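Remember, it's 1-based here, ligands and their atoms both numbered in the order they're listed. Because only heavy atoms are used, hydrogens play no part in the values below, and waters and symmetry mates are left out as well, while side chains stay in. Predicted, not measured: the structure shown is a model, and the values here were computed from it.
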Amino acid sequence: MPPNLTTEQLKDWDKRYVWHPFTQMRDWQAEDTPVIVAGEGSWLIDSDGKRYLDGVASMWTNVHGHCHPELNRALAEQAAKIEHATLLGLSGEQSILLAKRLVEIAPTGLTRVFYSDNGSTAVEVGLKMAYQYQCHQGHPRRSRFIRLQHAYHGDTIGSMSVGGIPIYHATFSPLLFETIEAPAPYCYRCPLGKQDATKCGLACLAELERLIAQHADELAGVVLEPLLQGAGGMIVHPVGYLKGVRELCDRYDVLLITDEVATGFGRTGRMFACEHEGVAPDIMAISKGLSAGYLPLAATLACERIYAAFLGNYAELKTFFHGHTFTGNPLACAVALKSLDLFERDQLLAALQPKIEQLSAWLQRLAKHPQVGDLRQCGLAAGIELVADKATKEPYPWEEKRGIKVCMAARRRGVFSRPLGNTVVVFPPLAITADELDFLMETLLQSIDEVTGD
Ligand SMILES: *Cc1c(COP(=O)(O)O)cnc(C)c1O
């Protein structure tokens with residue numbers, strides 16, 4: 001920090017000028033929140049030099065750690081060449097190289113890359129693409145989407161429309177287009193009352209089939225977060241569910257749009273979550289980990305059949321009329337390319353397996369805790385649900401802010417985390433070390449003890 005700038009000054013200006021996302025600003029005004037000025041590996045460093053382990057990978061984006069020397073170099077080298085040039089009417093070296101690379105690593109059949117700059121737009125692009133595809137196929141009535149209960153696909157009007165979290169979305173319902181809600185295979189609280197994961201998955205698939213059949217002639221596609229519904233509370237789907245959804249989409253000829261914004265780039269233990277079930281979607285949205293947490297970048301990948309449907313004579317107006325100013329930004333694409341190099345060079349996916357097992361062992365320990373209900377894990381992501389009553393699974397009243405209190409207690413101990421209601425989230429940078437992961441889990445456990453010990 002410049003020598004004449006103090007922490008107090010920054011905190012004061014923050015409270016005076018910044019409106020924070022997803023934040024009750026009245027509470028914020030009363031709180032003392034660290035101001036981050038630097039980062040190093042899995043750590044965030046505040047303006048007083050205090051270090052915090054980044055337990056949520058800076059909103060689920062960070063992969064190789066903060067301030068990574070090689071990513072920094074890739075960024076600086078690209079900045080010395082060109083910072084930005086448009087893809088509207090021009091092409092760019094980095095966006096070409098990255099698109100080729102993404103197609104090489106993506107699930108089979110995804111052959112075309114459409115860039116944007118955040119997860120919400122990546123999903124929204126997918127929805128528009130899917131609908132216009134149906135129009136080009138001669139099915140303009142196929143304009144509706146099936147989405148899951150508890151779904152989260154972003155905060156723009158279009159991406160909220162396919163969302164299913166009332167606390168975020170209900171206020172805006174008059175602004176949203178209508179979608180068809182299918183039950184989420186949330187086994188712990190199976191919406192269809194089934195007792196085990198397999199039965200829950202099968203029952204949810206049967207209900208999905210009923211909905212698809214009922215709406216077949218007006219459906220554009222099914223949109224979902226594969227395997228792991230992140231913002232909905234780290235809900236993990238039973239094995240076979242995604243594969244079942246793919247089969248239904250094939251049988252009824254509707255498009256499958258997967259939102260891998262949170263799950264993509266290694267989080268689940270594979271490059272993309274779909275790989276666990278050998279599934280290839282028709283459209284796939286990616287963002288968060290794409291540029292390793294460095295810069296806003298997103299992409300929507302489409303299969304050749306969809307791309308081809310948009311080809312035609314200029315006057316036929318088959319063009320996909322959509323695009324964002326910073327589409328394919330060279331700085332972000334250069335960092336994304338370097339990140340993919342590091343995935344290979346550091347054998348990151350292989351190195352992840354022992355950490356995933358280490359996390360499982362910690363969760364098994366936590367399962368005995370009297371105030372811990374369901375524990376959900378998918379790769380290096382987990383949700384720890386706090387319950388008022390272990391036997392009845394009764395959650396704490398949300399107004400008690402138990403999840404937030406656990407995170408505040410963890411912060412005092414040097415861990416930054418952010419909950420989803422009563423669910424404590426574990427979502428560290430993939431490059432976290434074994435010792436750091438122990439510290440993270442030990443700290444969360446102590447903080448849970450502190451906050452639930454009444
Ligand atoms: C975060 C997220 C989004 C939205 O991404 P933004 O970059 O915040 O717009 C969409 N889908 C999923 C699954 C996400 O986790």
| message | Counting neighbours of CD on Glu400 that are heavy atoms of other residues, nucleotides or ligands and sit closer than 6.0 Å, is the number greater than 12? | response |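 Enclosed.
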| query | Would the number of heavy atoms belonging to other residues, nucleotides or ligands and lying under 6.0 Å from NZ of Lys100 be above 12? | reply |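 Check fails, neighbour count at 12 or below.
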Show me which atoms of ligand 1 lie under 4.0 Å from any heavy atom of [X].
| X | result |
| --- | --- |
| Asn118 | 7 (O), 9 (O) |
| Asp259 | 10 (C), 11 (N), 12 (C), 13 (C) |
| Ala262 | 15 (O) |
| Gly154 | 4 (C), 10 (C) |

| field | Heavy-atom nearest neighbour in the protein, as seen from atom 9 (O) of ligand 1, with distance rounded to 0.1 Å | value |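 Protein heavy atom with the smallest distance to atom 9 (O) of ligand 1: Ser120 OG, 2.5 Å.
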| query | Among protein heavy atoms, which sits nearest to atom 1 (C) of ligand 1, and what does the distance come to when rounded to 0.1 Å? | reply |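 The closest one turns out to be Lys288 NZ, 1.5 Å.
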Test your reading of the structure: does [X] have an N or O sitting under 3.5 Å from an N or O of ligand 1?
| X | result |
| --- | --- |
| Gly119 | yes |
| Glu225 | no |
| Trp60 | no |

| said: Using modelled atom types and a 3.5 Å cut-off, is there a donor and acceptor pairing between side-chain atoms of Arg418 and backbone atoms of Val425? | reply: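 Checking the backbone N and O of Val425 against the side chain of Arg418, no donor-acceptor pair under 3.5 Å is found.
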| query | About how many Å separate CZ of Phe145 and CG of Leu224, when rounded to the nearest 0.5 Å? | reply |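 Nearest 0.5 Å value for the CG-CZ distance: 12.5 Å.
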| Sub-6.0 Å ring centroid separation between Trp43 and His66 | no
| task | Decide if the gap between the ring center of His322 and the ring center of Phe320 is smaller than 6.0 angstrom. | result |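 They qualify: ring centres under 6.0 Å apart.
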| message | Minimum distance, heavy atoms only, to atom 10 (C) of ligand 1: which one of Met59, Glu124, His153 is it? | response | His153
| message | Checking Asp438 against Gln358: is there a side-chain donor and acceptor pair closer than 3.5 Å? | response | yes
